[in-house]
Amino acid sequence: MTPPKAPDQTDGTPPSAALSCPEVSAPLRTMKTRAEFLRAARADKQGTKGLLVQGRARAEASPEGGAPAEIRVGYTCSKKVGNAVARNRAKRRLRAAARAVIADDGRPGWDYVLIGKREVTAARSFEGLLSDLRYALRKLHERAR
RNA sequence: GCGGAGGGCCGGACGGCCGCCUCGGCCGGGGGUGACCCCGCCGGGGAGGAAAGUCCGGACUCCUUGAAGCGACGGUGCCGGGUAACGCCCGGGCAGGGCAACCUGACGGAAAGCGCCACAGAGAACAGACCACCGCCGGCGCGUCCGGCGGCCAGGGUGAAACGGUGGGGUAAGAGCCCACCGGGGGCCGGGCAACCGGACCCGCAUGGCAAGCCCCACCGGGAGCAAUGCCGCAUAGGGACCCCGCGCGGGCUGAUCCUUUCGGGGAUAUCGCCGCAGGGCCGCUUCAGCCCGAGGGGUCCGGGUUGGCAGCACGAGCCGGUCCGCGAGGGCCGGCCCAGAUGAAUGGUCGUCGCGGGCGGGGAGACCCGCCUGGCACAGAAUCCGGCUUACAGGCCCUCCGCGCGA
RNA sequence: GCACCCGUAGCUCAGCUGGAUAGAGCGCUGCCCUCCGAAGGCAGAGGCCCAAGGUUCGAAUCCUUGCGGGUGCG
């Protein structure tokens with residue numbers, strides 16, 4: 001296994017940034033209602049090799065001085081991804097990737113929806129998924145300015 | 001050793017790091033008057049043989065007034081047993097296939113009735129007509145021709161199927177006309193709970209196929225589904241429009257009410273209430289029983305609302321072991337165990353080692369051994385829960401049996 | 001969780017009370033017509049009737065199972 005540039009990787013453990021680490025940054029919450037997903041679907045989106053990301057800054061976000069606004073993340077794997085086993089596996093990998101990346105690179109008060117793609121989301125290497133997600137977040141944040 | 005048949009089972013293993021759901025402990029902290037809630041800690045559990053398809057059968061809830069009969073509709077279909085039940089399973093019978101082990105079978109009824117059987121063929125479903133065949137008589141263009149009478153049976157390119165088959169006797173020619181064998185039918189006897197099997201006897205022998213065409217017979221079956229259903233909370237509303245059926249008769253009964261009074265009572269019955277009868281409603285119909293309504297009942301559409309919570313919801317036709325009964329499916333008894341409960345939906349992510357598979361190279365006569373590489377390791381994810389069926393599935397293990405070959 | 005419908009030519013559909021050549025329209029190919037094209041005329045190709053079993057002498061049609069697509073209700 002030799003991915004291009006595995007940053008801080010000596011043994012087999014994933015990057016140490018994946019530690020739980022919530023108390024400093026904004027709390028993470030999973031999106032559950034249909035309305036939230038529909039709002040996110042109208043927002044900007046960025047596709048990558050392994051997944052598709054929709055992201056937007058909520059209007060009511062950023063409270064002054066209060067607790068940091070939460071980051072909401074949703075996951076979508078439609079029937080196009082495959083049967084139930086394939087969909088669940090894709091969603092689980094997306095969740096694992098989000099836990100590793102969003103805590104550092106996500107912005108408080110934003111909603112993100114991670115969308116799985118047929119075949120590739122389950123087959124792509126985990127390193128690749130992580131860098132895909134980081135790239136997509138960076139592009140979304142740049143365009144939002 | 002090769003080939004085959006049946007049955008049972010498994011369906012990656014171990015370990016780091018980081019996570020998820022749930023139950024319990026009540027240990028620590030926080031919140032609350034409280035029930036309790038949140039965070040942390042410790043301990044336990046956490047997908048399948050098909051969780052799938054939704055093809056059957058139930059449990060459980062709600063709806064339907066109950067029973068009987070009839071009818072309609074749907075299903076099942078050899079016999080016996082198992083089971084809560086089944087269209088499932090087991091055992092048996094029969095039929096077909098295979099050398100065999102074994103496998104397969106919607107396998108009731110076609111003399112209850114209706115319908116259909118294309119093409120071909122003389123004829124396709126009462127069985128007779130037609131062509132041919134044989135004998136006799138007659139006629140003449142004497143050919144082995146025509147006509148008449150009689151025999152009425154075999155034969156007739158066909159066809160999926162043609163009124164028993166084969167052989168022999170017999171005859172003018174023939175025919176169950178007679179005989180033998182096979183097939184068929186009938187009641188009888190014996191065995192078996194039964195399906196069915198066996199036996200002798202009688203009948204020369206009359207009645208195709210399709211019921212996964214209608215149908216007949218026997219048996220079974222109310223409808224809907226956990227988004228069922230119950231409770232709590234929140235919001236809105238105590239709405240609007242339209243349609244259908246109906247508001248009958250009697251008793252004054254004195255409880256209201258009204259009139260009258262000599263205050264004891266008497267009268268009235270429009271109205272409210274009561275009683276009785278009609279009437280209406282409650283299963284498709286009928287009967288019986290019962291209940292309800294008796295002046296309101298029912299339906300359709302629009303409008304409004306729709307982030308909810310808890311119960312149902314996991315101790316069950318449960319799992320494991322032993323023992324007894326049974327050929328078996330299975331059942332009885334004893335002991336032990338608690339074993340998923342999510343709801344944008346947990347049971348994982350990632351890395352390493354091993355195993356399996358594949359590829360390449362080397363050694364060896366061969367079996368095989370060694371090294372390296374490896375995006376490979378199936379089908380597939382509980383959603384109220386069980387019993388089955390069906391379908392999908394990489395690879396592997398165990399047991400029993402059959403045929404052939406070789407050896408002793 | 002239920003209920004139901006449909007798979008036939010490249011496309012849209014007939015045929016589905018079993019019977020032998022599986023049809024129609026559009027499209028396609030060739031020819032005619034025209035200076036060329038359209039329209040029109042003539043001729044032709046194109047189907048293992050979703051799959052696998054079964055019933056029957058015979059199946060697109062009847063039965064069973066599966067696959068794919070779609071609709072409705074709660």
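The structure presented is a predicted model; accordingly, all values stated were derived computationally and were not measured. For the numbers below, each heavy atom of this structure counts, side chains included, while hydrogens, waters and symmetry mates do not.
Base pairing of B:C389 is made with B:G53, judged by Watson-Crick or G-U wobble geometry with both donor-acceptor distances under 3.5 Å. Using Watson-Crick or G-U wobble geometry with both donor-acceptor distances under 3.5 Å, B:G71 finds no partner in any strand shown. The partner of B:G361, taking Watson-Crick or G-U wobble pairs whose two distances both stay under 3.5 Å, is B:C370. For B:G276, the paired base is B:C249 (Watson-Crick or G-U wobble, both distances below 3.5 Å). The base-pairing partner of B:A124, taking Watson-Crick or G-U wobble contacts with both distances under 3.5 Å, does not exist among the strands shown. For B:U104, the paired base is B:A95 (Watson-Crick or G-U wobble, both distances below 3.5 Å). Base pairing analysis places B:U33 opposite nothing; no Watson-Crick or G-U wobble pair with both distances below 3.5 Å involves it. When both distances must be under 3.5 Å, the Watson-Crick or G-U wobble mate of B:A118 does not exist.
Shown here for A:Ala90 and A:Thr121, the closest heavy-atom pair between the two residues is CB-CG2, 3.9 Å. Of all the heavy atoms in A:Ala100 and A:Leu130, the pair that sits closest is CB-CD2, 4.0 Å. Of all heavy-atom pairs between A:Met31 and A:Phe37, the closest is O-CE1, 3.7 Å.
Between B:U261 and B:A268, the two C1' atoms lie 15 Å apart (nearest whole Å). Comparing the C1' positions of B:C179 and B:C196 gives an interatomic distance of 34 Å, to the nearest angstrom. B:G332 and B:A383 have their P atoms separated by 30 Å, with the value rounded to a whole Å. Rounded to whole Å, the separation between the P atoms of B:C214 and C:U17 comes to 12 Å. When the P atom is compared between B:C385 and B:C313, the two are found 10 Å apart, to the nearest whole Å. Separating the P atom of B:G174 from that of B:G169 is a span of 12 Å, rounded to the nearest Å. For the P atoms, the distance from C:C26 to C:C62 is 30 Å, rounded to whole Å. B:G199 and B:G186: their C1' atoms are spaced 16 Å apart (whole Å).
Rounding to whole angstrom units, CG of residue A:Leu94 and P of B:C20 are separated by 18 Å. One can place CG of A:Asn83 at 13 Å from C1' of B:A51, the figure rounded to the nearest angstrom. Between the P atom of B:G19 and the CZ atom of A:Arg89 lies a distance of 20 Å, rounded to the nearest Å. Computed from coordinates, the A:Phe126 CZ to B:G375 C1' distance equals 17 Å when rounded to whole Å. Taking atom CG of A:Asn88 as the reference point, atom P of B:U343 lies 14 Å away to the nearest angstrom. To the nearest angstrom, C1' of B:U343 lies 17 Å from CE of A:Met31. What separates CD of A:Glu127 from C1' of B:U350 is a distance of 9 Å, to the nearest Å. Here B:A342 presents its P atom at 21 Å from CZ of A:Arg87, a figure rounded to the nearest Å.
In this structure, A:Val120 and A:Lys49 have side chains that are not in contact, with every pair of non-hydrogen atoms separated by 4.5 Å or more. Taking 4.5 Å as the limit, some side-chain heavy atom of A:Tyr112 sits within range of a side-chain heavy atom of A:Arg107. Side-chain atoms of A:Asp105 and A:Leu133, non-hydrogen and from C-beta on, never get closer than 4.5 Å to each other.
Anti is the classification of B:G82, since its glycosidic angle lies more than 90° from 0. Glycosidic conformation of B:C126 is anti; the angle lies outside 90° of 0. Classified by its glycosidic torsion, B:A47 falls in the syn category, the angle being within 90° of 0. The glycosidic torsion of B:G264 lies within 90° of 0, placing the base in the syn range. In this entry the base of B:A206 is syn relative to its sugar, with a glycosidic angle within 90° of 0.
Under 4.0 angstrom from either OP1 or OP2 of B:G348 there lies no side-chain N or O belonging to A:Arg99. Here A:Arg95 reaches the OP1 or OP2 of B:A346: one of its side-chain N or O atoms lies under 4.0 Å away. Regarding contacts with the backbone of B:U350, a side-chain N or O of A:Arg93 is found under 4.0 angstrom from either OP1 or OP2.
Nucleic acid contact for A:Thr76: base, since at least one base atom lies under 4.0 Å from a heavy atom of the residue.
With A:Cys77 as the partner, the side chain to side chain contact (heavy atoms under 4.5 Å, CB included) test is satisfied by one option alone out of A:Lys117, A:Arg92, A:Lys91: A:Lys91.
Follow the hydrophobic side-chain contacts under 4.5 Å out from A:Leu51 and you never reach A:Val113; the two are in separate clusters.
Taking a centre distance below 5.5 Å and an interplanar angle below 30 degrees as the stacking criterion, A:Phe37 stacks against the six-membered base ring of B:G344.
Heavy-atom nearest nucleotides on RNA chain B were determined for A:Ala97 and for A:Cys77, and the one closer to the 5' end corresponds to A:Cys77. Judged by closest nucleotide on RNA chain B, A:Ala122 is the one of A:Ala122 and A:Ala86 placed further toward the 5' end.
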